[in-house]
Student: 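Pasting in a structure now, in structure tokens, and then I'll have a few things to ask.
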Amino acid sequence: MANEVWVVLQHREGQISRISWETVGAAQKLAATLGSKAEAVLLGSGVGLAAAEVAKSDLAAVHVADHDALRAYTPGAYIGALASTIQSAAPAFVVFPHTYQTVDYMARLAQAVGAGLLPQVTAFQGEGGDLLWTRPVMSGKLQAKVRVKGEGTVLVSVQSGAFPADGVVRGEAPVKPLEVDLAAVKPDREILGYEEVGGDTVDLTKAEIIVAVGRGVGGADKMAPVEALAKALGAEIGASRPVIDNGWLPRDRQIGSSGQTVAPKLYVAAGISGAIQHLVGMKGSSVIVAINKDPGAPIFTVADYGIVGDLHEVLPALTEAVRAAKG
Amino acid sequence: MKIAVCIKQVPNTEARLRVRRDGRWLEEEDLPFIINESDEYALEEGLRIAEKTGGEVVVFSLGPDRVREALRKALAVGAARAVHLADPAFAGGDALATGRALAAALKRDSFDLVLTGSQSDDVGYGGTGSVVAGHLGWPHVWLVMGVELEEGNRAAKVTREMESGVNEVSRVQLPAVLEIQAGLNHPRYASLKGIMAAKKKEIATATPADLGLDAAQVGEAGSRLEIVSVAFPASGKGAQILQGDAKAAATALVEKLQKEARVL
């Protein structure tokens, strides 16, 4: 059907993730725009309770594939479970949470079923068949408006934090088994295990004040003004991804989608441009200060206060001012 | 092992960006272009595996003439030769169209391993390598943080990044497509000798017809996505920008944090 919207939920050991709820809300909104009701799809093993939880939403149905063969995620297993059912039902949109699991298999699923691929949307506007989607480009420095052309199903993933998790419309949905051709469920990697990164992890989630530093700091040997400000404020030091990848700070200092999610009362972002992967990890902070030499940096869109300038000039001045204010 | 590495040339995201007059993309005049960050790590990983196993790296890229500069750089750090998918018909492709073209180019040769970056820093679809794998019928892993060859180079133990500080460790059979995450290794710099040697290395070109593809299957024509416009994000609720030199702005900020925000 040309107006059917499916939403594929992600869970961890039967717990529906927060971004999945956000995605349910987005799918409900999309379906309403198209004049239909969204349907949820849940894959896994022992996901009955999770399905019952999802069924308390305003959905046309919750389709559940509960098989031992789907216990561990692999692209081959998930694509095998979803491909034929997407092809035969041909929904207009299949909506996914934009997670590292989704990105791992969504493009290949699109290729396998001949669907369109629209990753990482943050918003949509318009009506019926004429939708305009918003997604970040240039590492989040710009936003693009994108239109889908041609016929057939489109796979869409929804950026974390773009739609409210409490925006799900409540209701009652029937839980139905999803027919899966188990012969098509073929794991294409042998899962050996999952390992925690780090070890002696710094828990930034408990910090009241964080001074976070980005690529703009310029090197591991240029950290002194950051350390001085953190000391004056009694703050922990955090960082955006490029700082970690360059080895300027250890990985347990990373804030963002592949690091820690923090919400301190004060967050000072210095030399961080504000890629969306970083913003999702810190935008819940009570007060955000951005220091960046580029006035167009996206970090200023989430900040409460900003200073446009080189952090190597601003941070020493700020350290002085903090010391003076604290007496 | 014979390894293919697919790289993309992208605008330097650190550069001052301007929107083109028609609003559909960036003004590319005076815009500096570089090899996409995660692709540089993919190239380095390819070179290391080739050195360890006594093989070679062939580098592939799709795009206009400026892409030859990126390919030349890859040759200077050690790739043996390059293939440039050079035709205006390739331009403006989404992950599906670009993946289709790259896969067709890769199929003309035979490789033991294909490496790509995990995501481009410009359009950022993050799916091109997976689409290539689908066309080749090979396993793939996205967001790779570690590669160890096993079983006499017939398999690889692959570490993949997941959310919240957890990595997935798995074994894939080769040939496979591995989509490399930035930070996996330390990409090397080109030596003067390497730069000189690169001048003599081959950059072959390929058109859609060379790859057995119709121009309608690639680039913008072969894509389901069309970028209508790009813009800098609106200033949200809007940060209060504190004016003056560093000292004046810092002093004003501390006063705001104490008296208005009450967080100090």
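Only this structure's heavy atoms are used, side chains among them; waters, hydrogens and symmetry mates stay out. Letters A, B, ... mirror the listed sequences (proteins, then strands); counts begin at 1.
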Student: What part of B:Leu253 gets closer than 4.5 Å to chain A, counting heavy atoms only: side chain, backbone, both or neither?
Tutor: side chain
Student: Determine whether the aromatic ring centres of residues A:Tyr105 and B:Trp142 are separated by less than 6.0 angstrom.
Tutor: no
Student: Looking at A:Ala275, A:Gly193, A:Gly140, which makes the most heavy-atom pairs under 4.5 Å with chain B?
Tutor: A:Gly193
Student: Name the option with the most non-hydrogen atom pairs under 4.5 Å to chain A; the candidates are B:Ala133, B:Ser118, B:Gly127.
Tutor: B:Ala133
Student: Any non-hydrogen side-chain atom of A:Arg189 less than 4.5 Å from a side-chain atom of B:Val158?
Tutor: no
Student: Using heavy-atom distances under 4.5 Å, tell me whether B:Ser120 contacts chain A through its side chain, its backbone, both, or neither.
Tutor: neither
Student: Would you say the side chain of B:Val218 lies within less than 4.5 Å of the side chain of B:Leu62, judging by non-hydrogen atoms?
Tutor: no
Student: Please name the residue in the list B:Val114, B:Val132, B:Val177, B:Val172 that meets the side chain to side chain contact (heavy atoms under 4.5 Å, CB included) test with B:His140.
Tutor: B:Val177
Student: Can you tell which of B:Gly134, B:Gly99, B:Ala246, B:Gly129 has the highest number of heavy-atom pairs within less than 4.5 Å of chain A?
Tutor: B:Gly134
Student: Is B:Asp245 salt-bridged to B:Lys247, going by a charged N under 4.0 Å from an acidic O?
Tutor: no
Student: If I measure from the heavy atoms of chain B, does A:Leu117 come under 4.5 Å with its side chain, its backbone, both, or neither?
Tutor: both
Student: Do the charged groups of A:Asp130 and A:Arg147 touch, with an N to O distance under 4.0 Å?
Tutor: yes
Student: Based on non-hydrogen pairs under 4.5 Å, which of A:Arg251, A:Gln101, A:Lys265, A:Glu313 is most in contact with chain B?
Tutor: A:Lys265
Student: Please walk me through it: do A:Phe300 and A:Asp294 pass side chain to side chain contact (heavy atoms under 4.5 Å, CB included)?
Tutor: CA-CA 9 Å; A:Phe300 287 116; A:Asp294 176 6; over 6 Å; no
Student: Just so I understand: if I count every heavy-atom pair under 4.5 Å between each of B:Val10, B:Asp94, B:Val141 and chain A, which residue has the most?
Tutor: B:Val141
Student: What part of B:Gln243 gets closer than 4.5 Å to chain A, counting heavy atoms only: side chain, backbone, both or neither?
Tutor: neither
Student: Quick one: what part of B:Leu143 sits under 4.5 Å from any heavy atom of chain A, side chain, backbone, both or neither?
Tutor: side chain
Student: Does any heavy atom of chain B fall under 4.5 Å from the side chain of A:Gln143, the backbone, both, or neither of them?
Tutor: both
Student: Among A:Leu233, A:Leu118, A:Leu192, which has the most heavy-atom pairs under 4.5 Å with chain B?
Tutor: A:Leu192
Student: Side chain, backbone, both or neither: which part of B:Arg160 has a heavy atom under 4.5 Å from chain A?
Tutor: side chain
Student: Does the pair A:Arg323/A:Glu320 count as a salt bridge with the N-to-O cut at 4.0 Å?
Tutor: yes
Student: So do the side chains of B:Pro175 and B:Leu136 get within less than 4.5 Å of each other, counting heavy atoms only?
Tutor: no
Student: What residue, out of B:His135, B:Gln258, B:Gln173, has the most heavy-atom pairs lying under 4.5 Å from chain A?
Tutor: B:His135
Student: Going by heavy atoms in the side chains, are B:Glu44 and B:Arg48 under 4.5 Å from each other?
Tutor: yes
Student: Pick one of side chain, backbone, both or neither for B:Leu242, based on which atoms fall under 4.5 Å of a heavy atom in chain A.
Tutor: both
Student: Could you walk me through whether B:Gln217 and B:Arg100 pass the side chain to side chain donor-acceptor pair (under 3.5 Å) check?
Tutor: CA-CA 8 Å; B:Gln217 292 175 283; B:Arg100 184 182 297 128; over 6 Å; no
Student: Considering only heavy atoms, which portion of B:Gln181 lies under 4.5 Å from any heavy atom of chain A: side chain, backbone, both, or neither?
Tutor: side chain
Student: State plainly whether the residues B:Glu220 and B:Arg24 are in salt-bridge range, i.e. N to O under 4.0 Å.
Tutor: yes
Student: Need one label for B:Leu96: side chain, backbone, both or neither, based on atoms under 4.5 Å from any heavy atom in chain A.
Tutor: side chain
Student: Given heavy-atom pairs under 4.5 angstrom as the criterion, report whether the side chain, backbone, both or neither of A:Ala325 touches chain B.
Tutor: both
Student: Heavy-atom pairs under 4.5 Å with chain B: which of A:Glu151, A:Gln254, A:Lys326 has the most?
Tutor: A:Glu151
Student: Using non-hydrogen atoms and a 4.5 Å limit, figure out which bit of B:Leu184 sits close to chain A: side chain, backbone, both or neither.
Tutor: neither
Student: Flag the pair B:Leu149 / B:Leu174 as yes when at least one side-chain heavy-atom distance between them is below 4.5 Å, and no otherwise.
Tutor: yes
Student: Using non-hydrogen atoms and a 4.5 Å limit, figure out which bit of B:Glu14 sits close to chain A: side chain, backbone, both or neither.
Tutor: both
Student: In terms of heavy-atom pairs under 4.5 Å, which option from B:Ser229, B:Gly244, B:Gly124 contacts chain A the most?
Tutor: B:Ser229
Student: Using a 4.5 angstrom heavy-atom cutoff, name the option from A:Leu318, A:Asp188, A:Asp104 with the most pairs to chain B.
Tutor: A:Asp104
Student: Under a 4.5 Å heavy-atom cutoff, which of B:Pro11, B:Ala95, B:Gly126 has the most pairs with chain A?
Tutor: B:Pro11
Student: Quick one: what part of B:Glu161 sits under 4.5 Å from any heavy atom of chain A, side chain, backbone, both or neither?
Tutor: both
Student: Please state whether the side chain, the backbone, both or neither of A:Ser257 comes within less than 4.5 Å of a heavy atom of chain B.
Tutor: backbone
Student: Taking A:Lys145, A:Arg108, A:Glu190 one by one, which has the highest count of heavy-atom pairs under 4.5 Å against chain B?
Tutor: A:Arg108
Student: Answer yes or no: is there an ion pair linking B:Glu27 with B:Arg18, defined by an N-O contact shorter than 4.0 Å?
Tutor: no
Student: Let me know if B:Trp138 has heavy atoms under 4.5 Å from chain A in its side chain, its backbone, both or neither.
Tutor: backbone
Student: Taking the side chain as every heavy atom from C-beta outward, state whether A:Lys141 and A:Pro298 have any pair of such atoms under 4.5 Å apart.
Tutor: yes
Student: So do the side chains of B:Lys256 and A:Asp304 get within less than 4.5 Å of each other, counting heavy atoms only?
Tutor: no
